**Q** 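Below is the structure I would like to discuss, written out as structure tokens.
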Amino acid sequence: MNYVFAPDVPVTLPVSGSSALYPVHRIYCVGRNYAAYAVEMGHDPDKEPPFFFQKNPDNLLVEGVDFPYPAQTSDVHHEIELAVALKSGGRDIAISQALDCVYGYAVSLDMTRRDLQGQMKKLGRPWEIGKAFEHSAPCSKLIPAEVSGHPVQGEIWLKINGDVRQSGDLNQMIWKIPEMIATLSTLFTLQAGDVILTGTPAGVGPVQRDDRLHGHIEGIGTLRVNIA
């Protein structure tokens, strides 16, 4: 191929217990998918269909790398989430077939420049500057679904400096994993390498430099991130 300049190496996630790497295509995020969080953010969870936004593959931050406090903000928030990694896709996927598309799961964070996101909301503009910035998606190693199974319940929590800040259960998700995949497939052509961040429980809040974040999802794993 005669490229104008050398293309980037594909973004990948490590797989637990394996030397294999999972190449990432797109990252979709589900907004306000826990009722308590929707209320916390001033919304009625009973009146909204699922909605989605995107991060970029190179926003991922793998385990063992510090999260650098980003520029142009003084209010960076943590959001602990289950990540779903697809091994196949398509359009108009039936709910009954959606889990067949899943390769595995991970513990992730949707780091958010909340002040910049808030400014964009007031102006009716897109959220990218609040959501899709460098290193804004820390993620643990993937655990294959053949090892973990497909979780429908289990504790999800985040501690900062040893104190619990977020706590919930995967069974509190308004839109379950098959429903998310099926709905997304009516809007986009899903494919292997797509990652879905499935929403966060209540308790989101700011992080500070030198904070130590410890996230956990029962049956999936843990994620530790230091704020640099």
Side-chain angles (χ1 to χ4, degrees), residues 10-30 33-34 37 55 57-67 77-87 98-112 135-173 175-178 180-181 192-205 207 211-228:
V11 175
T12 60
L13 285 171
V15 177
S16 180
S18 171
S19 61
L21 296 174
Y22 175 91
V24 178
H25 175 239
R26 291 178 179 171
I27 301 175
Y28 300 98
C29 304
V30 184
N33 198 30
Y34 286 73
Y37 173 69
K55 289 179 181 279
D58 59 4
N59 295 159
L60 285 165
L61 182 71
V62 297
E63 282 185 300
V65 180
D66 289 348
F67 172 84
H77 281 207
H78 55 79
E79 299 187 15
I80 184 74
E81 310 202 5
L82 173 70
V84 180
L86 302 187
K87 63 182 179 182
L99 291 180
D100 295 337
C101 300
V102 176
Y103 170 76
Y105 300 93
V107 184
S108 65
L109 284 163
D110 169 15
M111 303 300 286
T112 303
H135 317 297
S136 62
C139 192
S140 73
K141 292 181 179 179
L142 289 170
I143 181 168
E146 62 189 26
V147 176
S148 66
H150 297 292
V152 295
Q153 62 184 21
E155 286 186 321
I156 175 172
W157 51 256
L158 179 74
K159 296 179 181 179
I160 299 183
N161 304 325
D163 297 326
V164 177
R165 299 293 181 87
Q166 290 185 263
S167 180
D169 195 288
L170 297 179
N171 64 17
Q172 297 167 343
M173 287 195 291
W175 303 98
K176 310 305 182 185
I177 295 167
M180 285 183 260
I181 294 171
D194 287 340
V195 175
I196 304 169
L197 305 190
T198 58
T200 192
V204 301
V207 299
D211 278 347
R212 293 172 289 108
L213 279 59
H214 176 198
H216 175 81
I217 300 177
E218 182 179 349
I220 303 301
T222 61
L223 173 65
R224 296 179 185 270
V225 179
N226 297 325
I227 309 299

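One-based numbering along the sequence shown. Not measured: the values here are computed from a predicted model.
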**Q** Could you walk me through whether Asp66 and Val225 pass the side-chain contact (heavy atoms from CB on, under 4.5 Å) check?
**A** CA-CA 6 Å; Asp66 289 348; Val225 179; over 6 Å; no

**Q** Please list, chain by chain and in numerical order, all residues satisfying side-chain contact (heavy atoms from CB on, under 4.5 Å) with Ala106, sequence neighbours excluded.
**A**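 Applying side-chain contact (heavy atoms from CB on, under 4.5 Å) to Ala106 gives Ala83, Cys139, Ser140, Leu142.
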
**Q** Is a side-chain N or O of Asn226 found less than 3.5 angstrom from the main chain of Ala228, in a donor-acceptor match?
**A**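 Side chain of Asn226 to backbone of Ala228, a donor-acceptor pair under 3.5 Å: no, none is there.
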
**Q** Answer whether the closest heavy-atom distance between the side chains of Leu13 and Leu60 falls below 4.5 Å.
**A**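 When only atoms from C-beta onward are counted, Leu60 and Leu13 do touch, with a gap below 4.5 Å.
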
**Q** If you round to the nearest 0.5 Å, how far is CD of Glu79 from SG of Cys29?
**A**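 That separation rounds to 9.0 Å.
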
**Q** How long is the gap from CZ on Arg212 to CD1 on Ile160, to the nearest 0.5 Å?
**A**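 If I round to the nearest 0.5 Å, the distance is 10.5 Å.
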
**Q** I need the full list of side-chain hydrogen bond (donor to acceptor under 3.5 Å, both in side chains) pairs touching residues 144-153, with sequence neighbours left out, sorted by first then second residue.
**A**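 Sorted result for residues 144-153: Tyr105-His150.
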
**Q** Just checking, is any N or O donor in the side chain of Asp211 or Asn161 under 3.5 Å from an acceptor N or O on the other one?
**A**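 Asp211 vs Asn161: donor-acceptor pair found between side chains.
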
**Q** Which atom pair, heavy atoms only, marks the closest approach of Ala145 to Val102?
**A**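 So the minimum-distance heavy-atom pair works out to CB-O, 4.3 Å.
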
**Q** Heavy atoms only: give me the nearest Trp175-Met180 pair and the separation to one decimal.
**A**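 Scanning both residues, the minimum pair turns out to be O-CE, 3.1 Å.
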
**Q** Just verifying a value: how many Å separate Ile196 CD1 and Leu82 CG, rounded to the nearest 0.5 Å?
**A**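 Here the rounded value is 10.0 Å.
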
**Q** Determine, step by step, whether Glu155 and His216 satisfy the side-chain hydrogen bond (donor to acceptor under 3.5 Å, both in side chains) criterion, reporting the C-alpha distance in whole Å, the side-chain angles of both residues, the deciding distance to 0.1 Å, and the verdict.
**A** CA-CA 8 Å; Glu155 286 186 321; His216 175 81; 5.7 Å; no

**Q** A side-chain contact here means heavy atoms from C-beta on lying under 4.5 Å apart; do Pro23 and Val11 qualify?
**A**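 Side chain of Pro23 against side chain of Val11, heavy atoms only: no contact under 4.5 Å found.
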
**Q** Assess the residue pair Glu63 and Lys141 against the criterion (side-chain contact (heavy atoms from CB on, under 4.5 Å)); give the C-alpha distance rounded to whole Å, side-chain angles, the decisive distance to 0.1 Å, and a yes or no.
**A** CA-CA 7 Å; Glu63 282 185 300; Lys141 292 181 179 179; 3.2 Å; yes

**Q** Distance-only, no hydrogens or angles: does the Tyr22 side chain make a donor-acceptor pair with backbone N or O of Val15 under 3.5 Å?
**A**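 Not confirmed, Tyr22 side chain does not pair with Val15 backbone.
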
**Q** Looking at Leu223 and Pro138, what are the two nearest heavy atoms and their distance?
**A**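 So the minimum-distance heavy-atom pair works out to CD2-O, 3.8 Å.
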
**Q** Restricting to non-hydrogen atoms, name the atom on Ile27 and the atom on Pro57 that form the minimum distance, rounded to 0.1 Å.
**A**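 The answer is CD1-CA, 3.9 Å.
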
**Q** Testing the basics here: between Pro14 and Leu21, what is the closest heavy-atom pair and its distance to 0.1 Å?
**A**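 So the minimum-distance heavy-atom pair works out to CA-CD2, 4.0 Å.
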
**Q** Enter the distance from Leu109:CG to Thr200:OG1 here, rounded to the nearest 0.5 Å.
**A**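 Answer for the CG-OG1 pair, Leu109 versus Thr200, is 8.0 Å.
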
**Q** Quick one: CH2 on Trp157 to CD1 on Ile80, what's the gap to the nearest 0.5 Å?
**A**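 It is 8.5 Å, given to the nearest 0.5 Å.
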
**Q** Please step through side-chain contact (heavy atoms from CB on, under 4.5 Å) for the pair Val207 and Met111, ending with a clear verdict.
**A** CA-CA 9 Å; Val207 299; Met111 303 300 286; 4.1 Å; yes

**Q** Tell me the closest heavy-atom pair linking Pro151 and Ile220, and the distance in Å.
**A**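 In this case the closest contact between Pro151 and Ile220 is CG-CD1, 4.1 Å.
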
**Q** Can you tell me how far CD of Glu81 sits from CD of Gln166, rounded to the nearest 0.5 angstrom?
**A**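 So the gap between those two atoms works out to 8.5 Å.
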
**Q** Are Thr222 and Ile217 packed together at the side-chain level, in the sense that at least one heavy-atom pair is separated by less than 4.5 angstrom?
**A**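 No - every pair of side-chain heavy atoms lies 4.5 Å or more apart.
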
**Q** If the condition is side chain to side chain donor-acceptor pair (under 3.5 Å), which residues does Lys55 pass it with, not counting sequence neighbours?
**A**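 In terms of side chain to side chain donor-acceptor pair (under 3.5 Å), with neighbours along the sequence ignored, Lys55 is linked to Asp110, Ser136.
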
**Q** Under a 3.5 Å distance rule, please check whether Asn33 uses its side chain to pair with a backbone N or O of Thr198 as donor and acceptor.
**A**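 Such a contact is found between Asn33 side chain and Thr198 backbone.
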
**Q** side-chain contact (heavy atoms from CB on, under 4.5 Å), that's the test. Do Leu197 and Tyr28 meet it? Break it down for me.
**A** CA-CA 6 Å; Leu197 305 190; Tyr28 300 98; over 6 Å; no

**Q** Above 12 or not: heavy atoms from other molecules or residues under 6.0 Å from CZ of Arg224?
**A**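 It does not: Arg224 CZ has 12 such atoms or fewer within range.
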
**Q** Would you find a donor on one side and an acceptor on the other, under 3.5 Å apart, between the side chain of His78 and the backbone of Gly205?
**A**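 Answer holds: yes.
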
